[in-house]
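Encoded as structure tokens, the structure appears first; notes follow it.
What you see is a predicted model; the values in this text were computed from it and never measured.
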Protein chains: 2
Amino acid sequence: MSARLIDIARKTGYSVSTVSRVLNQKPGKYPVHEKTQKQILAAAEELGYRPNIIARNLRLRKTREIGMVVPDISKRFFSFLVKIIAKHLREFDYKMIVYDADEDTGIEKDAITNLLAKKVDGLIVCPVGVESRHLEQTIQSGIPFLTMDRCFEHLKADSISVDNYNGARIAVEYLIAEGHHKIGVIHGLQGTWPNEMRLKGYQDALKQAGIKAEKRYNQCDSFGTFNGYLEMHQMLRLDDPPTAVFFAGGYILLGALKAIREKNLNVPRDISFITFDDPTYAMQLTPPISAVAQPIEEVAAMAVKLLLRRMAEPDADIENVLLQPQLIVRDSVAKLI
Amino acid sequence: MSARLIDIARKTGYSVSTVSRVLNQKPGKYPVHEKTQKQILAAAEELGYRPNIIARNLRLRKTREIGMVVPDISKRFFSFLVKIIAKHLREFDYKMIVYDADEDTGIEKDAITNLLAKKVDGLIVCPVGVESRHLEQTIQSGIPFLTMDRCFEHLKADSISVDNYNGARIAVEYLIAEGHHKIGVIHGLQGTWPNEMRLKGYQDALKQAGIKAEKRYNQCDSFGTFNGYLEMHQMLRLDDPPTAVFFAGGYILLGALKAIREKNLNVPRDISFITFDDPTYAMQLTPPISAVAQPIEEVAAMAVKLLLRRMAEPDADIENVLLQPQLIVRDSVAKLI
DNA sequence: TTGTATGCGTTATCAC
DNA sequence: GTGATAACGCATACAA
């Protein structure tokens, strides 16, 4: 068993409160005799004293912990987000407790419940994205709360996300500008906010250019690699396949590339590709794939800023921040004009 | 403020202890009147009671939490490991608290200290890998403890890792079997266990085949993409560059591919590649890259098994488990014979 | 400058 | 069956 305040107290002959005061060192708050301090500090060192955080948290009714829930930590977007946010929080002397919801609203709900029961000082949730009732309840609990990425429009809470709509739109507008008219889309999980926004961006870009959105050019299922693989094959089986395809996520792209290889086709000679997300490998592929990059670091920084503001001013106006993604042109789109 | 036991007690007229008993429901332990139970359960429901985990943990001196520290959660190897381990632990009703050490031993040390102070029931550390004194101290504290991946040989603790030595060895033996003699290596951070083991595997494979390990064919710096890029360029500048290169990590490969593209060279026509690690994109590259895959899921499962065993039997013999990686042959190695 | 007493919310031991 | 009561380890208001 590790040393407690009372062990130091006994060893030095002082009381627990004196020991506590010395070890916490509120600047100039309580004056303690210098000799006393030295003895106590020495004893603490010798016993290897480490404060019991549980007891302290219970007493202070503060934890200096921020809870975070992500739908899939094995995806780089989220693990990187987690990393950067944790790093920022560290500067403010906050720890982060992350839970992986494994794309399951039930687990997400449990995670939030647990975090609330752990009395974290703030909560960041990247919702799985299909249900939000439990989030409403969480907001009611009054905890400083922030949704990220797969936000819900109706939720009365701060939020930060990437402008999925506009990102998709500039990607497709770029394809059109290069002379493409038969443009396909392979998107991800229906009903999720980013997916719907990306799809809408695609559709609006076509509409604006006077191009009809063909149903057969529209495939979807999930954001996974296997989905990309299957749907790409399906699209290639069409009598008049599209000349260019927009992918709603980097994993979809990966699967589509596999399908392309199997058909011995060449990008961009036979078909042009552009993807939402800019995974690390995109620029290393042959050819390097043009992409719409999400500003993850800015998202992380803004998240911390918003949450800390909410913690400092619980009654501040709700902010819903939308960050702009960036088009990165590489060599995967053929110029048709 | 959320409801406490005492709020339910006041509302129903029963005492705190009765309320606690009902809410914890030890099977057949304490008999409580059925009517009482119903009233209390109803009141709890109505007040939205959630037990305060901090108070409970303090009282029970158990947290049902496992701490985990990884050097870089944004790397897929670790984020995936975290995900799978957390999933397994969930089945045993344990939560996981993960911290990212950001490849910094100082942060790793702080993280461990904090986890210990939080009184987690067990601790899994994937060490940054350059220093281990603080790990020895951790072991002394008596907490069920496990190192993973970048283990230290001298540490008296359970450990689980991939056989980096053998993985590198079978990769290089494969290159030799295909007729290569001028074989380069670009490895990662010197002094870390996986790196040294992979390097030694490379060297021993050459030695066994009677091939001298040329110093100019050996480059290193870190496991990063940029390192791979620079070192590959350097190797290509040699008068007689190697005909095949073994990379100690998937990110290094990515950088090397970029260098290759810039020189307008072709894999495997001009040079052959094989890499340790099998990142998701390896099979989608052109050509698909042959690789040595780490059995991440087995590692995760074994980690949980070892830790739970240690928690159940603190005095069991120390186990150091080594799992075998697997050679995955794709199209990135030319047959020279 | 230091000590005493109290409470944070829970569970467990004991008595009734 | 149920209720007082005492910890768990810490930080603070108040006394001395």
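Taking 4.0 angstrom as the limit, R56(B) places none of its side-chain polar atoms (N or O) nearer than this to OP1 or OP2 of dG9(C). Contact check, S20(B) against dA12(C): no side-chain N or O comes under 4.0 Å of OP1 or OP2. For Y49(B) and dT10(C), the shortest distance from a side-chain N or O to OP1 or OP2 is below 4.0 Å.
D121(B) places a side-chain N or O within 3.5 Å of a backbone atom of T63(B) that can act as its donor or acceptor partner. Between the side chain of T12(B) and the backbone N or O of I8(B) there is at least one donor-acceptor pair closer than 3.5 Å. Looking at R150(B), its side chain does come within 3.5 Å of a backbone N or O of V128(B) through a donor-acceptor pair.
Closest-nucleotide positions on DNA chain D for V19(B) and A55(A) were compared, and the one nearer the 5' end corresponds to V19(B).
Ion pairing between K11(B) and E46(B) holds under the 4.0 Å rule for side-chain N and carboxylate O.
Following rounding to the nearest Å, R50(B) (CZ) and dG9(C) (P) show an atom-to-atom distance of 17 Å. Between the CG atom of L5(A) and the P atom of dA11(D) there is a distance of 6 Å, rounded to whole Å. Between I6(B) atom CD1 and dT11(C) atom C1' there is a gap of 15 Å when expressed in whole angstrom units. The CG-P distance, from N52(B) to dT11(C), rounds to 10 Å in whole Å. When the C1' atom of dG9(C) is taken as reference, atom CZ of R21(B) falls 17 Å away, rounded to whole Å. Residue I53(B) contributes atom CD1, which lies 12 Å from atom C1' of dG9(C) at whole-angstrom precision. Between the P atom of dT10(C) and the CD1 atom of I54(A) lies a distance of 15 Å, rounded to the nearest Å. Atom CG of N24(B) and atom P of dT2(D) are 16 Å apart (whole Å).
End-to-end axis angle for the helix from dT1(C)-dA16(D) to dC16(C)-dG1(D), using five pairs per end and rounding to 10°, comes out at 50°.
For the side chain to side chain contact (heavy atoms under 4.5 Å, CB included) test, residues two or more places apart in sequence or in another chain that qualify with K87(A) are R90(A), D102(B).
With hydrogens and angles ignored, no donor-acceptor pair under 3.5 angstrom links the side chain of S15(A) to the base of dT4(C). One cannot find a donor-acceptor pair under 3.5 Å joining the base of dG9(D) and the side-chain atoms of R59(B). A donor N or O paired with an acceptor N or O is found under 3.5 Å between the base of dA4(D) and the side-chain atoms of S17(B).
Ranking dT12(D), dG9(C), dG3(D) by closeness to the R4(B) side chain, first place goes to dG9(C). Checking dG1(D), dC8(C), dG9(D) against the side-chain heavy atoms of H33(B) singles out dG1(D) as nearest.
When heavy atoms are screened at a 4.0 angstrom cut-off, L58(A) is found touching base atoms of the nucleic acid. Here L60(A) lies in heavy-atom contact (under 4.0 Å) with sugar-phosphate atoms only. Among the atoms of the strands shown, base atoms are found under 4.0 Å from some heavy atom of V16(B).
For the residue pair D149(A) and S161(A), no side-chain donor N or O sits within less than 3.5 Å of a side-chain acceptor on the partner. Between the side chains of S2(A) and K119(B), at least one donor N or O sits under 3.5 Å from an acceptor N or O. Between S132(B) and H154(B), the side chains place a donor N or O and an acceptor N or O closer than 3.5 Å (distance only, hydrogens not considered).
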